[in-house]
Amino acid sequence: MLTYVDDLTDPRLDDFFRLTDVALRKKLETERGLYLAEGDKVIRRAVAAGHTPRAAVMTERWIESLADFFPGDVPQFIVPEDLLTELTGFQVHRGAIASMNRPALQGLGEFLAQCPDARRIFILEDLVNHTNVGAIFRSAAALGVDAVLVTDHCADPLYRRSVKVSMGTVFQVPWTRIEGWPHAMAALADAGWVTASLALSDNAVTLDQFAADMGAEKVAMIFGAEGDGLAHATLAKSDYVVTIPMAGGVDSLNVAATSALAAWALRP
């Protein structure tokens, strides 16, 4: 349903009008809030993953590419290019943006039960940088990680920056949020998962040795925020502490780079 709009006060554009990620997440018209998917590829991956669009706004030159992609009852607002940035409050580089209903997240037990063949899971403990979260999802998708778990205070994978950096792979890699971390590590052990924390420690094993020892084991790799690192309780409860040997006086890598190396080393 195409509609040309040139008035930014039109209430039909409220989903896109300078809403921050936090405001979108708490938007009261929907049960679980909204998120924004920007660009042709990201929108297509979101819809292909079963996420439901509420509305879309685009410039005229994107009509041919996207107009027939949305279900017929989804309003598609066509605005002049100079108004799109003013409308959203940020530069939209790919000409189109869709507001999407947030899907319900599964509990840990239900989530694991629906991934019976999974052998590699990443756990993101309290990462606050949305760029890093998005980059980790992209590496996970590219290098065969089966799922991602994020802890209570981890940055939201559906925030605009995370979605954009991930190139929409946050919709490809199954994920959910863990409540009660690190106590929830017991549920992983009960389900047969070996837990391994990436950290600097005197008793750590090297990543290449750990990967060689794991074989077909189900491995959950845990990554912490840069600076603070992983919580002491997480390290104490982990089955292994794993490290990547460094040279050149460098003690560690960015967490996104670390995750890519771990995914490569542990690929099935």
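This is a predicted model, so every value here is computed, not measured.
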Aromatic centroids of Tyr159 and Tyr35 separated by under 6.0 Å =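 Distance test on ring centres: not under 6.0 Å, no.
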[Y] and [X], any side-chain heavy atoms less than 4.5 Å apart:
| X | Y | value |
| --- | --- | --- |
| Thr206 | Val242 | no |
| Ile222 | Leu198 | no |
| Ile123 | Phe223 | no |
| Leu266 | Phe210 | yes |
| Arg12 | Thr3 | yes |
| Met246 | Leu253 | yes |
| Thr195 | Tyr240 | no |
| Leu149 | Leu124 | no |

To the nearest 0.5 Å, what is the distance between [atom1] ([X]) and [atom2] ([Y])?
| X | Y | atom1 | atom2 | answer |
| --- | --- | --- | --- | --- |
| Ile43 | His51 | CD1 | NE2 | 13.5 Å |
| Leu261 | Ser139 | CG | OG | 9.0 Å |
| Lys237 | His232 | NZ | NE2 | 14.5 Å |
| Lys41 | Lys164 | NZ | NZ | 13.5 Å |
| Asp208 | Ile244 | CG | CD1 | 9.5 Å |
| Trp181 | His153 | CH2 | NE2 | 13.5 Å |

For [X] against [Y], the heavy-atom pair lying closest together:
| X | Y | value |
| --- | --- | --- |
| Ala191 | Leu112 | CB-CD1, 4.1 Å |
| Pro75 | Asp73 | CD-O, 3.3 Å |
| Val145 | Ala263 | CG2-CB, 3.8 Å |
| Val170 | Pro157 | CG1-O, 3.6 Å |
| Phe171 | Ala49 | O-CB, 3.3 Å |
| Arg177 | Ala155 | NH2-O, 4.0 Å |

Main-chain N/O of [Y] paired with [X] side-chain donor or acceptor, under 3.5 Å:
| X | Y | value |
| --- | --- | --- |
| Asp152 | Gly180 | yes |
| Lys218 | Asp117 | no |
| Arg120 | Ala220 | no |
| Ser259 | Ile136 | no |
| Ser162 | Asp156 | yes |
| Arg45 | Met167 | yes |
| Glu125 | Ala231 | yes |
| Ser197 | Ala199 | no |
| Asp239 | Ala196 | no |
| Ser238 | Thr234 | yes |

Count I, L, V, M, F, W, Y as connected when their side-chain heavy atoms are under 4.5 Å apart, and connections chain through other members. Are [X] and [Y] then in the same cluster?
| X | Y | result |
| --- | --- | --- |
| Val163 | Leu105 | yes |
| Leu108 | Met185 | yes |
| Val133 | Val173 | yes |
| Val194 | Ile178 | no |
| Leu235 | Phe122 | no |

query = Does Arg54 come within less than 4.0 Å of Asp15, counting only side-chain N to carboxylate O?
reply =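 Yes, this pair counts.
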ring-ring contact (aromatic ring centres under 6.0 Å, His included) partners for Phe111, two or more places apart =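 Listed in chain order: nothing, the list is empty.
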request  = Count the heavy atoms of every other residue, nucleotide or ligand shown that sit under 6.0 Å from CD of Gln114, and state whether that count exceeds 12.
outcome  =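 Yes, enclosed.
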ask   = Within a reach of under 6.0 Å around CG of Asn203, are more than 12 heavy atoms found that belong to other residues, nucleotides or ligands?
value =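 For Asn203, atom CG is crowded (more than 12 foreign heavy atoms under 6.0 Å).
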task = Mind running side chain to side chain contact (heavy atoms under 4.5 Å, CB included) on Ile78 and Val5 for me, showing each step along the way?
result = CA-CA 6 Å; Ile78 313 304; Val5 178; over 6 Å; no
query = For Leu143, which fellow cluster members are found when Ile, Leu, Val, Met, Phe, Trp and Tyr are connected by side-chain heavy-atom distances below 4.5 angstrom, either directly or through intermediates?
reply =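 Listed partners: Trp264.
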task = Apply side chain to side chain contact (heavy atoms under 4.5 Å, CB included) to the pair Leu36 and Ser99, showing each step before the final yes or no.
result = CA-CA 5 Å; Leu36 296 182; Ser99 62; 4.0 Å; yes
Chi angles and distances behind the side chain to side chain contact (heavy atoms under 4.5 Å, CB included) call for Val205, Val241 = CA-CA 6 Å; Val205 299; Val241 178; over 6 Å; no
key: Flag for Arg161-Thr131: side-chain donor and acceptor within less than 3.5 Å   =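 A pair is found: one side chain offers a donor N or O, the other an acceptor, under 3.5 Å apart.
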key: Test item: side-chain donor near acceptor, Thr52 and Asn101, under 3.5 Å   =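 No pair is found: no donor N or O on one side chain lies under 3.5 Å from an acceptor on the other.
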inquiry  = Is there a side chain to side chain contact (heavy atoms under 4.5 Å, CB included) between Arg119 and Val219? Walk through the geometry before answering.
reply    = CA-CA 6 Å; Arg119 286 294 178 270; Val219 178; over 6 Å; no
